[in-house]
Protein chains: 2
Amino acid sequence: MKDFESTAETLIRSTGDRVTGARVHVLAVLLGAGRALTHNEVEARLEPELGINRVTVYRVLEWLTQRNIAHKLSGEDRVWRFSVQEQGHGGQHPHFVCNACGRVLCLADSDESPKPRLPVGFQSTEMELTVKGLCDACNEHSRRTAARGKK
Amino acid sequence: MKDFESTAETLIRSTGDRVTGARVHVLAVLLGAGRALTHNEVEARLEPELGINRVTVYRVLEWLTQRNIAHKLSGEDRVWRFSVQEQGHGGQHPHFVCNACGRVLCLADSDESPKPRLPVGFQSTEMELTVKGLCDACNEHSRRTAARGKK
DNA sequence: CTCCAGTTGCAACACAAATGCATTTGCGTG
DNA sequence: CACGCAAATGCATTTGTGTTGCAACTGGAG
């Protein structure tokens, strides 16, 4: 955990902006998550005694996104999710969303880019590819239990 | 307009569920739109004298989605958008989102599907490809204002 | 140490969407 | 063709995510 905090501090310091407790702790949570987290998930993983405000978490996440340290993506449940920008991913990597537990994680970039044809006059700046399905845990779980309502 | 309503009625009747005014009118609006509409846009296009409630529009749109008549997708602004499921599109077609005006429309399917590699144990059921950029109108508009001098 | 722009906390707000419940309505049945 | 009832609707209220205005605080430069 402390490892993530020092990494977080280094990343934040490299932006030239202020190194504050909230920024370090929020980024450390994202670094330790290994997947995209919602604002609520980030808040829940912060030590309560730190006393970091809900709004501050929003603003830190927004700040991280602007500095290209984190990546902001919209899920199917109209909730923002944030993940640390891993090295080599230019922000164009595809994401996987689990239909059962809602987990979101980043996938390795595909070798080829699909590039659908656009109508005339249209201009593409970026592309987001989202693969939906079952993650390993939910896949295993659903295989074990025959019929069950989904979450 | 009336043409869309009769098409809508046929589609709704084919589900075996009830054919109600709200369902016919809402679906007719979607059929005539040619692009994905938000709940608000649908509501705005309904004749006010029909007196269709806001909540009813939500429920009809949800019902249309469940019956696979409409397609529900989430934009970057955390607002649901609904489009009629066109024939031949298995719900796998890519979408285009305009960064300026927020318009969403369906694109023709690409020749090949990219299929990024998934981690072990993961299972893919569907995929959503969203292309972001500027639509024809906004593209033209930004080109004109840029030529007029920078702001 | 002092200062102050950049941050944070707090409260109040904005807004899409969901829910509980009473009322209405489509449509199969007698 | 009237009747009955589950499905559908209208209305008020609630939920949950995210935003904003403003006062108080603080990191770090000097």
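Quantities reported herein were computed from a predicted structural model and do not represent experimental measurements. In what follows, every chain begins at residue 1, and chains take the letters A, B, ... in the order their sequences are listed.
Atom-to-atom, CD of B:Glu62 to C1' of D:dA8 comes out at 15 Å; the value is rounded to the nearest Å. The nearest whole Å value for the distance from the CD1 atom in B:Ile12 to the C1' atom in C:dC27 is 15 Å. Between A:Asp17 atom CG and D:dA29 atom P there is a gap of 12 Å when expressed in whole angstrom units. One atom, CZ of A:Arg23, and another, C1' of C:dT7, lie 7 Å apart when rounded to the nearest Å. One can place CZ of A:Arg78 at 14 Å from C1' of D:dT19, the figure rounded to the nearest angstrom. Atom CG of A:Asp77 and atom P of C:dA17 are 12 Å apart (whole Å). One atom, CD of B:Glu43, and another, C1' of C:dC15, lie 13 Å apart when rounded to the nearest Å. Look at CG on A:Leu37: it is 13 Å from P on D:dG18, rounded to the nearest Å.
With respect to B:Arg13 and B:Glu9, a salt bridge is recorded, a charged nitrogen being found less than 4.0 Å from a carboxylate O.
Connectivity analysis of hydrophobic side chains (ILVMFWY, heavy atoms under 4.5 Å, direct or indirect) links B:Leu73 to B:Val97, B:Val104.
In this model, the phosphate group of D:dT9 is approached by a side-chain N or O of B:Thr20 to a distance below 4.0 Å at OP1 or OP2. Within the 4.0 Å cut-off from OP1 or OP2 of D:dT17, at least one side-chain nitrogen or oxygen of A:Asn40 is found. For A:Trp80, no side-chain nitrogen or oxygen approaches OP1 or OP2 of D:dT17 to under 4.0 Å.
For a distance-only test at 3.5 Å, the side chain of B:Arg18 qualifies as a donor-acceptor partner of the base of D:dA7. One N or O donor and one acceptor, one from the side chain of B:Arg59 and one from the base of D:dG10, sit under 3.5 Å apart.
For the segment residues 47-58 of chain B, residues with any heavy atom less than 4.0 angstrom from an atom of DNA chain C are, sorted by number, B:Arg54, B:Val55, B:Tyr58.
Checking side-chain atoms of A:Thr125 against main-chain N and O of B:Lys132 turns up a donor-acceptor pair under 3.5 Å.
A:Ser74 approaches A:Trp80 most closely through the heavy-atom pair CB-CZ3, 3.4 Å. Listed here is the closest heavy atom pair of A:Cys98 and A:Cys138: SG-SG, 3.7 Å.
Note on B:Leu37: it clusters hydrophobically with B:Leu50, by side-chain heavy-atom contacts below 4.5 Å among ILVMFWY residues.
Between B:His71 and B:His95, the angle of the ring planes stays under 30°, which puts this pair in the parallel group of the 30/60° scheme.
Considering only the side chain of A:Arg13, D:dG28 comes nearest among C:dA16, D:dG28, D:dT17.
Two residues, B:His39 and A:Val60, neighbour DNA chain C, and the one matched to the more 5' nucleotide by heavy-atom proximity is A:Val60.
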